[in-house]
Amino acid sequence: MDSLLLQRRNDAVATNPPNATFALTENGSSWLWAVFSVMALSCIIIAALSLFKPMGYRIFYLLNVAVLATASVSYFSLASDLGLTPVTVEFRGPGTRQIAYVRYIDWFVTTPLLLTELLLTAGLPTNIIISTIFADLVMIITGLAGALVVSSYKWGYYTMGCVAMLWVFWNVFTGIKVSGNIGPDVRKSYTLLAVWLMIIWLNYPICWGLSEGGNRITVVGEMVYYGVLDLLAKPVFAAISLALHSKIDLSRLGLNNEPRMGQIALTNGNTVVEKGRGQRGVEGDDYGVPAGAGTGHVQQGAANV
C-alpha cells in the first residue's frame with residue numbers, strides 16, 4: 001500500500017494531454033493544484049467567518065468569497081489542463097502555445113469585484129465606480145483578444161488594454177484623496193489596499209508581454225508568474241482587507257445594512273408588525289435583532305375588519 005501511495009502521481013496532463021507545442025507540464029499542473037488548494041481553502045475559511053457576522057456586516061466577506069470561489073474554479077480547470085486553446089506563436093516559432101482563456105473568464109468576474117471592494121472603502125460616487133469597472137472590463141477583453149490573435153495586431157489590443165489600465169489606476173488613486181473626507185484611518189486603510197493591489201496589477205501586463213504576447217517564457221513559467229500574482233491579489237488581499245475593515249464602522253462608508261425600526265415588517269391582512277432595531281454588543285439574530293426581542297408594536301391598517 002505504501003509503495004502504491006508513493007508511486008501515485010499527478011496524471012492531469014496525461015488524462016487531458018496538451019494540444020500545443022509550448023504546453024503545460026506535470027510540474028506546472030502540480031503548481032496549479034497547489035494554487036487551487038489555497039484559493040479553495042481561503043474561500044471556505046472566509047465563508048465560515050462571515051457566518052459570525054450580522055447580515056448587514058458581511059459585504060466585504062461575501063465579495064471575497066465570490067472572488068475566491070471563481071478563482072478556485074479557474075485554477076481547477078488550469079490544473080486539469082483544461083480551459084486552454086492552442087494559438088500560433090508570433091515569436092520563437094514555428095509552433096503553437098497554449099492560451100488559458102479560462103483565466104480571462106476568471107478575471108472578467110473577479111477584477112470588478114476586487115475594484116468594488118476597494119472603491120467602496122473610499123466612498124467614491126457611483127459614476128466613478130461604474131467607469132472604473134468598465135475600463136477594467138475593457139482591459140480584460142482586449143487582453144484576451146490580443147492573446148488569441150496570431151499576427152502583430154495583438155499588440156494593438158495590448159496597447160488599448162494598457163490605456164484602460166491607466167484609467168483604472170487614475171480612479172483608484174483619486175480615491176486616496178476622497179477617502180480622507182471620511183477620516184484619516186479610512187484613508188490609511190484605503191491607501192494600503194490601493195497601493196498593494198495596483199503594484200500587483202502592474203505586473204500582469206508584464207507577464208502578458210513575456211508569455212501570451214512575446215512567447216519569451218514557458219507556459220509553466222507563465223503559470224507560476226500569474227499564480228503568484230493571483231495569490232497576492234486574492235487570498236492575501238482578502239486577509240488584509242478584512243483585517244482593516246474590521247476596524248472601521250461600515251456605517252461611515254454608508255454600507256451598514258443593519259435593519260432599523262420599520263425596515264422589517266411582517267404583514268398579515270391589514271396588520272403591520274415592526275421589529276425593534278438590533279443593538280450592537282447584544283447577541284441577536286443575523287439581522288442584528290437582539291435575541292429574545294419581541295414585536296416592537298402593532299399598527300392597525302386603515303381598514304380594520
Side-chain angles (χ1 to χ4, degrees), residues 32 35-36 38-40 42-43 46 59-60 62-87 97-120 124 126-149 154-172 193-194 197-198 200-209 211-213 219 222-223 225-238 241:
L32 292 170
V35 178
F36 161 75
V38 174
M39 295 289 187
S42 300
C43 179
I46 293 176
I59 181 170
F60 292 111
L62 298 181
L63 283 170
N64 284 298
V65 167
V67 167
L68 292 167
T70 304
S72 297
V73 174
S74 172
Y75 273 94
F76 175 86
S77 301
L78 292 173
S80 303
D81 201 24
L82 301 171
L84 303 103
T85 188
V87 174
R97 180 187 179 96
Q98 284 184 313
I99 299 298
Y101 62 83
V102 71
R103 177 185 291 125
Y104 292 90
I105 298 174
D106 169 354
W107 291 342
F108 191 85
V109 176
T110 58
T111 55
L113 293 174
L114 289 169
L115 284 174
T116 299
E117 178 177 357
L118 181 62
L119 299 180
L120 285 177
L124 285 169
T126 304
N127 62 309
I128 298 296
I129 295 177
I130 292 175
S131 67
T132 306
I133 291 176
F134 172 75
D136 170 67
L137 295 178
V138 170
M139 180 177 69
I140 302 304
I141 293 170
T142 52
L144 174 59
L148 297 176
V149 170
K154 68 174 60 184
W155 298 104
Y157 287 107
Y158 177 80
T159 302
M160 288 185 279
C162 289
V163 172
M165 174 174 274
L166 290 176
W167 180 251
V168 172
F169 277 38
W170 176 266
N171 285 343
V172 167
L193 292 172
L197 195 61
M198 293 304 101
I200 295 169
W201 278 22
L202 192 61
N203 277 272
Y204 282 92
I206 297 174
C207 185
W208 192 99
S211 53
E212 294 107 317
V219 172
E222 170 193 341
M223 297 300 176
Y225 198 158
Y226 278 135
V228 171
L229 294 178
D230 281 348
L231 287 172
L232 294 174
K234 291 170 182 173
V236 175
F237 176 82
S241 175

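Position 1 is the first residue of the sequence; numbering continues from there.
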- Message: Suppose we screen for side-chain contact (heavy atoms from CB on, under 4.5 Å). Which residues come up paired with Ile105, at least two apart in sequence or across chains?
- Response: Tyr101
- Task: For Ser211 and Cys207, indicate whether the former's side chain and the latter's backbone hold a donor-acceptor pair under 3.5 Å.
- Result: yes
- Heavy-atom side-chain proximity of Thr142 to Tyr158 below 4.5 angstrom: no
- Task: Could you list all the salt bridge (charged side-chain N to carboxylate O under 4.0 Å, His left out) pairs where at least one residue sits in residues 106-119, not counting sequence neighbours?
- Result: Asp106-Lys234
- Can you list the residues that meet the ring pair (Phe, Tyr, Trp, His ring centres under 6.0 Å) rule with Tyr157, with sequence neighbours excluded? none
- Do the side chains of Leu197 and Val172 get nearer than 4.5 Å, heavy atoms only? no
- Task: Just jot down the side-chain contact (heavy atoms from CB on, under 4.5 Å) partners of Leu232, sequence neighbours excluded, or say none.
- Result: Trp196, Ile200, Val228, Val236
- Message: My understanding is that only residues two or more places apart in sequence, or in another chain, count here; which of them pass side chain to side chain donor-acceptor pair (under 3.5 Å) with Thr116?
- Response: none
- Query: Is a side-chain donor or acceptor of Asn64 paired with a backbone partner of Phe60 at a separation under 3.5 angstrom?
  - Reply: yes
- Query: So, Phe169 versus Trp201, ring centres under 6.0 angstrom or not?
  - Reply: no
- Residues two or more places apart in sequence or in another chain: which of them pass side-chain contact (heavy atoms from CB on, under 4.5 Å) with Phe108? Leu137, Ile140, Ile141
What side-chain donor-acceptor pairs closer than 3.5 Å can you find for residues 78-87, not counting sequence neighbours?
residue: Ser80; atom: OG; partner: Phe76; partner atom: O; Å: 2.8
residue: Asp81; atom: OD1; partner: Gln98; partner atom: NE2; Å: 3.2

- Query: Got Trp107 and Asp230 here, is their nearest side-chain heavy-atom distance under 4.5 Å?
  - Reply: yes
- Those residues that, when tested against Trp170, pass side-chain contact (heavy atoms from CB on, under 4.5 Å) (two or more places apart): Trp167, Thr174
- Item | Parallel, tilted or perpendicular, as decided by the 30° and 60° cut-offs, for the rings of Tyr204 and Tyr226 | parallel
- Item | Contacts of Trp208 that satisfy side chain to side chain donor-acceptor pair (under 3.5 Å) - sequence neighbours left out | Tyr104
- Note on the structure: Closest non-hydrogen atoms of Asn171 and Ser131, given as atom of the first, atom of the second and distance, are ND2-OG, 3.5 Å
- Arg97: what forms a side chain to side chain donor-acceptor pair (under 3.5 Å) with it, not counting sequence neighbours? Asn215, Glu222
- Which residues satisfy the side chain to side chain donor-acceptor pair (under 3.5 Å) test with Trp155, sequence neighbours excluded? Glu90
- Is there a donor-acceptor pair closer than 3.5 Å between any side-chain N or O of Ser74 and the backbone N or O of Thr70? no
- Message: Once ring pair (Phe, Tyr, Trp, His ring centres under 6.0 Å) is applied, do any residues pair with Tyr75, and if so which ones, sequence neighbours excluded?
- Response: none
